[in-house]
J.: 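Just dropping this structure here.
Quantities reported herein were computed from a predicted structural model and do not represent experimental measurements. To find a chain, count down the sequence lines: A is the first, B the second, and so on, and within it residues start at 1.
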Protein chains: 2
Amino acid sequence: MATRLAHLKAAHYFVVASETLSYTAAANKLSVSQAAVSQQIRLLEEYLGVSLFYRAGRKMLLTSQGKTLAEHLSVGFEKIEYGLNSVKLEPLAGNLTVYGLQSITSLWLMPKLWRFSDMHSDINVRLFSAEELPDLQSGDIDVSIYNVPILREDTENKILLTSPIVPICSRELFQRIGFNSIEDFLCCWLIQTNIPEYSWSQWGKEYGLTLAGKERLWAEVSSWYMGISAVKAGHGIFLCPEFMVQEELERGELVKPFDLPLSEPLSFYLAHSKQSPRLERINAFVKWIKQESEENIVTPYSPTKILSGSDPSQ
Amino acid sequence: MATRLAHLKAAHYFVVASETLSYTAAANKLSVSQAAVSQQIRLLEEYLGVSLFYRAGRKMLLTSQGKTLAEHLSVGFEKIEYGLNSVKLEPLAGNLTVYGLQSITSLWLMPKLWRFSDMHSDINVRLFSAEELPDLQSGDIDVSIYNVPILREDTENKILLTSPIVPICSRELFQRIGFNSIEDFLCCWLIQTNIPEYSWSQWGKEYGLTLAGKERLWAEVSSWYMGISAVKAGHGIFLCPEFMVQEELERGELVKPFDLPLSEPLSFYLAHSKQSPRLERINAFVKWIKQESEENIVTPYSPTKILSGSDPSQ
DNA sequence: ACTTATTCATTAGATAATCTTATGGCTACA
DNA sequence: TGTAGCCATAAGATTATCTAATGAATAAGT
């Protein structure tokens, strides 16, 4: 590293002035007097032995050397600013960016979020939904909810919730087909995600249903969310984490034809950087969300109730 | 740009300390007292609300946050240093990097260079030879000598020298073949660069020599320098800028079988950035080299003299 | 042409940041 | 157990930097 880096403050003032092309405006931005800016820039010019600004009437313009310098310095100071911001401790109040799969954010988190905002009106939660592995080190994401833990030295992971995966269909489909036995599944579209552990072939293996026939009706969706949307539209039976459709099950909009979950449940993991400058905010959020998930571990409705309710003759 | 960039000096000290992992060593590098470093880093830690170093016995180690910060800051300060250096005026004394094609540096410039060092013992000339277009803005090259001008707003170009291009061969080849007429060329290897203007076919066109026959012996070299090397080894006749082999012609090592130059001479251009911080040095060099080239514009030996002088019996 | 407002330059004095010196505590090592 | 090496801290000295006031130059409005 450079051991002789003189006049850093002057360089900073210069960069601000190079953006505004006005000492007065720069001085305002920097909350100092115009004279301070003028002096610092003069100092820098003397140090470099080169003039950086020249007057064009009432305006100040950069000399060609000034332009060169400003380009280099501005990227330097940006990096420095970014570095400082990425470790500078922030107070409790402020923004908090939560990342999650579409399914869990829209189906589980969003409906609960108002309660958090209620408790912490000074924390502004911003949701960010996508399907790829989150980067918790970049500073763009504070907390993530993902279906695998984010394994890194500096990342803290907690299991947020664990949910069985069961076949789900719409009430209409359920009433139309009847579903006296699991073989009745074979005359419906079988919807699944692209995760092999949670596929119909796995389910078939566990419950002795042969799905090999090529006359099967398959559909593969790229996210839980899309599968649930399909099921709601009555398009088939979906192997779905139960908690995601808890409300719909309660309302009877969606139905579990049989309460036959996959042996492997699905877990979601809460993760955040251990050294985030927003740890205080993060901890408040994590504490709250853990409570929320614990209050909802038990599925309040037995799906067979709906089943028998809608078909008492069985 | 960031308008609130506090404690830049502290950040700088921190980066130096993060490299040495010692406040004392950092203080020495920075030419300040150890206490100054200690205080600045403490200040920075307080500002960030985060500890950056921790003591491990007698050593200081970076905390994980310290590491993060140091990584970002060091690249930032490097950019700043680079920027400042690229405009900071330098005194006459110091390094000067001269770029040129292999041929011109080794055959023309290098042999003269001792005279410059003699005049300017405080300017240390470093030669850099390659074949591609030089970048005079990067700061790595101060002056270039190239066969086309470097056309840029901020670049100054001067013609350094203009030289005829003539057929050249070794004395041995000359004596062996005799060369009574230009048709005798046809029984030798014809060596040329890959520049069409300076090719044998161009020469043949100008002097009415038909070179179409497929029994021709051709060799194409990628630089003047390589062609001259080939000729010196007696491998054929080369279309060569005369000034490059002036000494060899004088000594009789190489010979011009006929003084029949191409109509288009070859020019070399001296170029440098108008806003280099090393302009003083550059000007000294340019002034000298222009003088050198003007003193040598005329070829002192008529090649036909060597021709007749070296082989009186023929 | 004459104000007037705006902008940067310059100065002197005030203020704040930063440095040094001196000292003390801790650790590693002989 | 002493000693040397390293960092922390405090007080006072020294610089660096700021502000306020003023001047000079320009552009725009009257």
J.: Whole-Å distance between C/dA17 C1' and B/L8 CG?
T.: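 The distance from CG of B/L8 to C1' of C/dA17 comes to 13 Å, rounded to the nearest Å.
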
J.: Are OP1 or OP2 of D/dC18 and a side-chain N or O of A/Y13 less than 4.0 angstrom apart?
T.: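 The answer is yes; a side-chain N or O of A/Y13 sits under 4.0 Å from OP1 or OP2.
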
J.: For A/K9, which contact category applies under a 4.0 Å heavy-atom criterion: base, sugar-phosphate, or nothing?
T.: sugar-phosphate

J.: Any donor and acceptor pair, going by atom type alone, linking the side chain of B/K274 with main-chain N or O of B/E153 inside 3.5 Å?
T.: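 Present.
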
J.: From CG of A/L61 over to P of D/dT26, roughly how many Å is that when rounded to an integer?
T.: 14 Å

J.: Would B/K112 pass as a cation-pi partner of B/W108, given that its NZ or CZ must be under 6.0 Å from the six-membered ring centre and within 45 degrees of the axis?
T.: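 Satisfied, under 6.0 Å and within 45°.
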
J.: Given atom NE2 of B/H7 and atom P of C/dC19, what is their separation to the nearest angstrom?
T.: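 For the pair B/H7 NE2 and C/dC19 P, the rounded distance is 13 Å.
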
J.: Using a distance-only test with no angle check, is there a side-chain donor-acceptor pair under 3.5 angstrom linking A/S129 and A/T105?
T.: yes

J.: Using a cut-off of less than 4.0 Å, is there contact between a side-chain N or O of A/R55 and OP1 or OP2 of C/dT7?
T.: no

J.: If I take atom CG in residue B/L30 and atom C1' in nucleotide C/dT20, what distance separates them, rounded to the nearest angstrom?
T.: 15 Å

J.: If you take atom types as modelled and just measure distance, does the side chain of A/R58 reach the base of C/dT7 with a donor-acceptor pair under 3.5 Å?
T.: no

J.: Using a cut-off of 4.0 Å on non-hydrogen atoms, how would the nucleic acid contact of B/Q40 be classed: base, sugar-phosphate, or nothing?
T.: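 Since only primed, P, OP1 and OP2 atoms lie under 4.0 Å of B/Q40, the category is sugar-phosphate.
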
J.: With DNA chain D as reference, determine whether B/A35 or A/G57 sits nearer its 5' end, using the nearest nucleotide of each.
T.: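 In this pair, the answer is B/A35.
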
J.: Between A/T24 and B/L43, which has a closest nucleotide on DNA chain C that is more 5'?
T.: A/T24

J.: How many whole angstroms separate atom NE2 of A/H12 from atom P of C/dA17?
T.: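 These atoms are roughly 16 Å apart.
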
J.: Quiz question: by atom type and distance under 3.5 Å, do the side chains of A/E45 and A/S51 form a donor-acceptor pair?
T.: no

J.: Mark yes or no for a side-chain to base donor-acceptor pair under 3.5 Å between B/Q39 and C/dT20, with no hydrogen or angle criteria applied.
T.: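 Indeed, a donor on one side and an acceptor on the other fall under 3.5 Å apart.
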
J.: Distance check needed: D/dT17 C1' versus A/Q34 CD, whole Å only.
T.: 15 Å

J.: In whole angstroms, how far is the P atom of D/dC7 from the CG atom of B/L52?
T.: 15 Å

J.: Under 4.0 Å, heavy atoms only, any strand: does B/Y54 hit a base, just the sugar-phosphate, or nothing?
T.: nothing

J.: C/dT7 P sits how many Å from A/F53 CZ, rounded?
T.: 14 Å

J.: Ignoring backbone atoms, test whether A/R42 places a side-chain nitrogen or oxygen under 4.0 Å from the OP1 or OP2 oxygen of C/dA9.
T.: no

J.: Tell me whether the side-chain N/O atoms of B/S33 come closer than 4.0 Å to OP1 or OP2 in C/dC19.
T.: no

J.: Ion pair present between B/D142 and B/R278, side-chain N to carboxylate O less than 4.0 angstrom?
T.: yes

